[in-house]
Undergrad: 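Sharing a structure here in structure tokens format.
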Amino acid sequence: DVKVTQSSRYLVKRTGEKVFLECVQDMDHENMFWYRQDPGLGLRLIYFSYDVKMKEKGDIPEGYSVSREKKERFSLILESASTNQTSMYLCASSFDRYTDTQYFGPGTRLTVL
Amino acid sequence: AQTVTQSQPEMSVQEAETVTLSCTYDTSENNYYLFWYKQPPSRQMILVIRQEAYKQQNATENRFSVNFQKAAKSFSLKISDSQLGDTAMYFCAFMKDTDKLIFGTGTRLQVFP
């Protein structure tokens with residue numbers, strides 16, 4: 001079974017702090033994704049990556065950056081956290097870029113005070 | 001731009017009954033993929049079922065089946081013999097060959113004993 005893990009289930013940070021959210025997958029998937037999930041808005045794509053050191057902006061990249069130094073690990077970075085970044089963050093991975101199912105991690109619920 | 005609409009924010013069903021969740025989408029593409037994902041309370045999001053648009057036959061997975069109406073751009077999910085473990089948030093999602101998943105806003109399903 002595909003396993004996607006995220007470093008924290010719950011996280012509380014203060015406004016202005018730099019925040020790192022880590023995601024690791026164990027199935028040698030090429031593609032990795034970061035979403036945020038908000039009530040009434042569904043899931044929205046922040047960034048994605050098709051290969052090591054590659055990244056592409058999703059629909060809501062502002063205020064975020066990403067890093068993919070190794071194939072299995074994809075990090076989401078909030079350079080200076082703000083209260084409007086309080087949300088659930090979901091990581092996902094897939095093998096095939098165009099057609100394949102995405103497998104999700106358990107999510108990190110981030111609260112920015 | 002593609003959009004996915006789930007018009008039922010919440011639904012409920014009694015155990016052993018059948019329930020249908022609706023999803024409509026908007027696209028000018030001919031080839032694409034549709035998904036239903038399930039997110040149980042405080043648990044990981046998992047794939048329920050997927051449908052390739054070029055296939056006329058409706059996808060089925062055990063108690064889960066879809067009614068795919070390509071001309072009407074409709075992709076509803078039918079859950080037969082509902083079980084307590086079906087209680088979850090259900091997301092409809094669309095993907096074309098740009099590989100981005102576009103999610104609806106979700107339907108919260110409660111199964112009552």
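Below, chains carry the letters A, B, ... as their sequence lines are ordered, and counting in each starts from 1. Remember, it's a predicted structure, so these values are computed and weren't measured experimentally.
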Undergrad: If I measure from the heavy atoms of chain B, does Arg9(A) come under 4.5 Å with its side chain, its backbone, both, or neither?
TA: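 For Arg9(A), the side chain is the part near chain B, not the backbone.
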
Undergrad: Please flag which part of Leu41(A) lies under 4.5 Å from any non-hydrogen atom of chain B: side chain, backbone, both or neither.
TA: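 Backbone of Leu41(A) only, per the 4.5 Å heavy-atom cut-off to chain B.
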
Undergrad: Do you reckon Leu21(B) sits in the same ILVMFWY cluster as Val4(B), going by side-chain contacts under 4.5 Å, direct or chained?
TA: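 As far as the 4.5 Å side-chain criterion goes, Val4(B) and Leu21(B) are connected within one cluster.
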
Undergrad: Linking I/L/V/M/F/W/Y whenever their side-chain heavy atoms sit closer than 4.5 Å, directly or via other members, would Phe20(A) and Met32(A) fall into one cluster?
TA: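 No, Phe20(A) does not connect to Met32(A) through the hydrophobic network.
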
Undergrad: Indicate, with yes or no, if Ile60(A) and Leu76(A) share a hydrophobic cluster defined by side-chain heavy-atom contacts under 4.5 Å among Ile, Leu, Val, Met, Phe, Trp and Tyr.
TA: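 Result: yes, single cluster for both.
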
Undergrad: Just checking heavy atoms, which of residues 105-113 of chain B are less than 4.5 Å from chain A?
TA: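 Within residues 105-113 of chain B, the residues under 4.5 Å from chain A are Thr105(B).
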
Undergrad: With rounding to the nearest 0.5 angstrom, report the CZ to CD distance, Phe103(B) to Gln37(A).
TA: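 One gets 9.0 Å once the value is rounded to the nearest 0.5 Å.
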
Undergrad: Only pairs of heavy atoms separated by less than 4.5 Å count here; which of Gln6(B), Met89(B), Arg43(B), Gln39(B) has the most with chain A?
TA: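 Greatest number of close heavy-atom pairs with chain A: Gln39(B).
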
Undergrad: Is there a side-chain contact between Leu101(B) and Phe33(A) in this structure, where contact means two heavy atoms from C-beta onward sitting under 4.5 Å apart?
TA: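 With C-beta onward as the side chain, the pair stays apart.
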
Undergrad: Check whether any side-chain heavy atom of Tyr37(B) sits under 4.5 Å from a side-chain heavy atom of Thr101(A), and report yes or no.
TA: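 Side chain of Tyr37(B) against side chain of Thr101(A), heavy atoms only: contact under 4.5 Å found.
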
Undergrad: Hey, what do you get for CD (Gln44(B)) to NZ (Lys3(A)), rounding to the nearest 0.5 Å?
TA: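 Separation between the atoms: 9.0 Å.
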
Undergrad: Is the CG atom of Asn62(B) crowded by more than 12 outside heavy atoms at less than 6.0 Å?
TA: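 Counting neighbours around CG of Asn62(B), 12 or fewer heavy atoms of other residues, nucleotides or ligands fall under 6.0 Å, so no.
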
Undergrad: Which value, rounded to the nearest 0.5 Å, describes the distance between Leu47(B) atom CG and Phe104(A) atom CZ?
TA: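 One gets 9.5 Å once the value is rounded to the nearest 0.5 Å.
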
Undergrad: Are Phe48(A) and Tyr89(A) connected, step by step, through hydrophobic side chains (Ile, Leu, Val, Met, Phe, Trp, Tyr) whose heavy atoms are closer than 4.5 Å?
TA: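 The answer is no; the residues belong to distinct hydrophobic clusters.
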
Undergrad: Can you hop from Leu90(A) to Tyr47(A) via hydrophobic side chains spaced under 4.5 Å?
TA: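 No, Leu90(A) and Tyr47(A) fall in different hydrophobic clusters.
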
Undergrad: May I ask you to check whether over 12 heavy atoms, not counting those of Arg14(A), lie within 6.0 Å of atom CZ?
TA: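 No, not enclosed.
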
Undergrad: Distance from Gln102(A) atom CD to Arg50(B) atom CZ, nearest 0.5 Å?
TA: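 Answer rounded to 0.5 Å: 11.0 Å.
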
Undergrad: More than 12 heavy atoms of other residues, nucleotides or ligands under 6.0 Å from NZ of Lys78(B): is that the case?
TA: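 Not buried by this count: 12 neighbours or fewer within 6.0 Å.
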
